[in-house]
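For reference, the structure is listed below as structure tokens.
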Amino acid sequence: MQTLPRRFLSGLGAEVSAVGAGCWTIGGPATNNGVPIGWDHVDTDAAYAGLLHAHERGVTLYDTADVYGLGQSERLLGRLLRLIDRTAVHVASKVGYFAGTARHAYQPAQMRRQLATTLDNLGTDYLDIYYLHSTDFGPDDQYLPGVVETMTELRREGLIRTVGMRAPHVFAEHWADSDHPHAAQTARFLHLFHTIRPDVITARYNLLSPLYADTDTDVFALARRHGVGVVIKQALGQGLLLKPHAGALPPFSAADHRSRDPEFHPAALELLRQRLSPIRARFGNRPADLARIALGYALHHAPDAPVLVGFRNADQIHTTLTAAGDPLTPEEFTEIRAALHPTPANRKA
Ligand SMILES: NC(=O)c1ccc[n+]([C@@H]2O[C@H](COP(=O)([O-])OP(=O)(O)OC[C@H]3O[C@@H](n4cnc5c(N)ncnc54)[C@H](OP(=O)(O)O)[C@@H]3O)[C@@H](O)[C@H]2O)c1
């Protein structure tokens with residue numbers, strides 16, 4: 001069986017498989033404060049078979065969170081970690097959304113309680129990356145100094161190895177000091193980035209991401225300048241980019257967060273179908289073809305960033321991992337990018 005390519009992830013200071021297992025979907029349905037934060041029903045045996053398959057194929061990066069299925073995702077991953085050599089893989093989890101009985105999810109005592117539960121669920125005594133999942137640090141960011149201090153202590157105690165945070169989906173550093181519509185969110189991210197000083201950030205990057213000018217500092221360039229690693233997420237567009245009939249996806253149940261996402265509404269799906277149709281006509285419309293295009297595009301964009309893929313069973317992750325073994329050529333990448341951004345006007349976020 002082909003082995004997965006590996007990438008050195010700065011910040012973590014270690015090599016990981018170029019494709020990592022994103023374990024949000026396998027958490028299944030969940031709500032937080034009444035809002036759906038999960039996915040349609042997932043068969044836990046099938047999900048676990050997906051995890052086993054990922055391990056057998058050489059995946060060494062596993063990404064979960066305390067709120068993914070309110071522990072189900074961590075517990076499934078824990079079943080795998082109890083079987084295998086823990087030191088041969090890198091495991092990330094997250095904190096910041098679940099407050100329990102605390103006033104805020106980022107109160108230090110609550111963070112420690114969540115970490116204890118996470119470690120217990122996973123059957124491990126440390127995390128390789130601990131992400132600050134939410135950027136809500138309370139009124140006037142009152143919990144932010146305590147969060148930074150708590151993460152430093154957790155690292156000193158050996159419970160976590162590195163600190164992570166999320167990056168915005170669209171970002172160019174200079175927008176912060178301009179009248180760009182994203183100026184405020186860009187300035188906010190930069191403030192948090194320089195305060196938290198993460199080792200690793202996660203960024204959405206896929207076929208639908210904007211192009212930036214060579215002179216723009218996007219999140220990848222910002223991270224490289226600071227020696228921070230980037231982990232790419234949502235390369236499959238949360239399923240959008242892998243369904244053969246992107247104009248007519250089956251409806252999701254109300255428990256699936258995608259049921260509330262405008263990108264999954266019929267009109268948006270029809271626009272997407274039209275936008276992708278030349279690429280699909282040229283490169284194929286089977287799930288294997290679509291996985292090669294979607295994953296290959298993200299892998300090609302940033303050669304130093306591993307890409308997480310979500311899955312709900314072994315078949316799905318088999319298809320995406322197989323696609324990773326057949327990368328896009330530079331010519332194919334250029335052709336796809338030109339088809340997605342046919343005019344210079346489309347190149348602006
Ligand atoms: N740090 C953060 O804030 C953050 C945020 C988002 C995600 N993440 C991480 O990034 C990971 C990846 O993102 P994601 O899971 O949201 O999205 P994704 O990887 O873009 O998409 C996952 C979805 O793609 C579909 N899929 C996968 N393989 C398929 C195949 N072979 N054929 C057809 N459909 C297929 C499935 O959709 P169906 O369910 O429709 O079958 C699956 O649920 C997450 O699992 C999570 O670990 C982190």
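Whatever order the structure lists ligands and atoms in, that order sets their numbers, starting from 1.
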[X] heavy atoms, cut-off 4.0 Å: which ligand 1 atoms fall inside?
X      : result
Gly22  : 11 (C), 44 (C), 45 (O), 47 (O)
Trp24  : 6 (C), 7 (C), 16 (O), 44 (C), 45 (O), 46 (C), 47 (O)
Arg258 : 37 (O), 38 (P), 39 (O), 40 (O)
Asp63  : 9 (C), 46 (C), 47 (O)
Val309 : 19 (O)
Thr319 : 31 (N)
Leu308 : 9 (C), 10 (O), 11 (C), 12 (C)

Spacing of Leu271 atom CG and Glu263 atom CD [to the nearest 0.5 Å]: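 Taking CG in Leu271 and CD in Glu263, the distance rounds to 11.5 Å.
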Protein contact of atom 15 (O) of ligand 1 - nearest heavy atom, named by residue and atom, plus distance: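 Nearest neighbour among protein heavy atoms for atom 15 (O) of ligand 1, to 0.1 Å: Gly310 CA, 3.5 Å.
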Distance to 0.1 Å, residue and atom name: give those for the protein heavy atom nearest to atom 25 (C) of ligand 1.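 Going by distance alone, atom 25 (C) of ligand 1 is nearest to Gly239 CA, 3.6 Å.
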Any nitrogen or oxygen of [X], main chain or side chain, under 3.5 Å from a nitrogen or oxygen of ligand 1?
X      : answer
Leu236 : yes
Asp315 : no
Gly237 : yes
Thr64  : no
Gln316 : yes

Look at the aromatic rings of Tyr97 and His133 and report parallel, tilted or perpendicular, splitting at 30° and 60°.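 Ring orientation of Tyr97 relative to His133: perpendicular.
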What orientation do Tyr106 and Phe137 show, parallel under 30°, tilted 30 to 60°, or perpendicular over 60°?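 Answer is parallel, since the angle falls under 30°.
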Examine the proximity of ligand 1 to [X] and report which part, side chain or backbone, both or neither, has a heavy atom under 4.0 Å away.
X      : result
Ala65  : neither
Arg166 : side chain
Cys23  : backbone
Thr202 : side chain

Report the member of Ile201, Thr25, Leu240, Leu61 with the shortest heavy-atom distance to atom 42 (C) of ligand 1. Thr25
Taking the minimum heavy-atom distance to atom 33 (C) of ligand 1, which of Lys94, Lys233, Lys243, Gln234 ranks first? Lys243
Centre-to-centre under 6.0 Å for His182 and His169, is that the case here? no
Is the Tyr205-Phe220 ring centre distance short of 6.0 angstrom? yes
Do the side-chain N and O atoms of [X] and [Y] include a donor-acceptor pair separated by under 3.5 angstrom?
X      : Y      : answer
Arg57  : His318 : yes
Thr118 : Glu74  : yes
Arg86  : Thr124 : yes

For a 4.5 angstrom cut-off between non-hydrogen side-chain atoms, does Val231 reach Leu9? yes
Can Asp120 and Arg75 be counted as an ion pair, charged N to O under 4.0 angstrom? no
Looking at Glu157 and Arg112, is any side-chain nitrogen of the basic one under 4.0 Å from a carboxylate oxygen of the acidic one?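 Looking at Glu157 together with Arg112, the answer is yes, because their closest N to O distance falls below 4.0 Å.
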Report yes or no: does Tyr131 have a heavy atom closer than 4.0 Å to ligand 1?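 Distance cut 4.0 Å: Tyr131 fails for ligand 1.
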Within 45 degrees of the ring normal and closer than 6.0 Å to the centroid, is that where the cationic atom of Arg79 sits relative to Tyr48?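 Checked: cation-pi criterion met.
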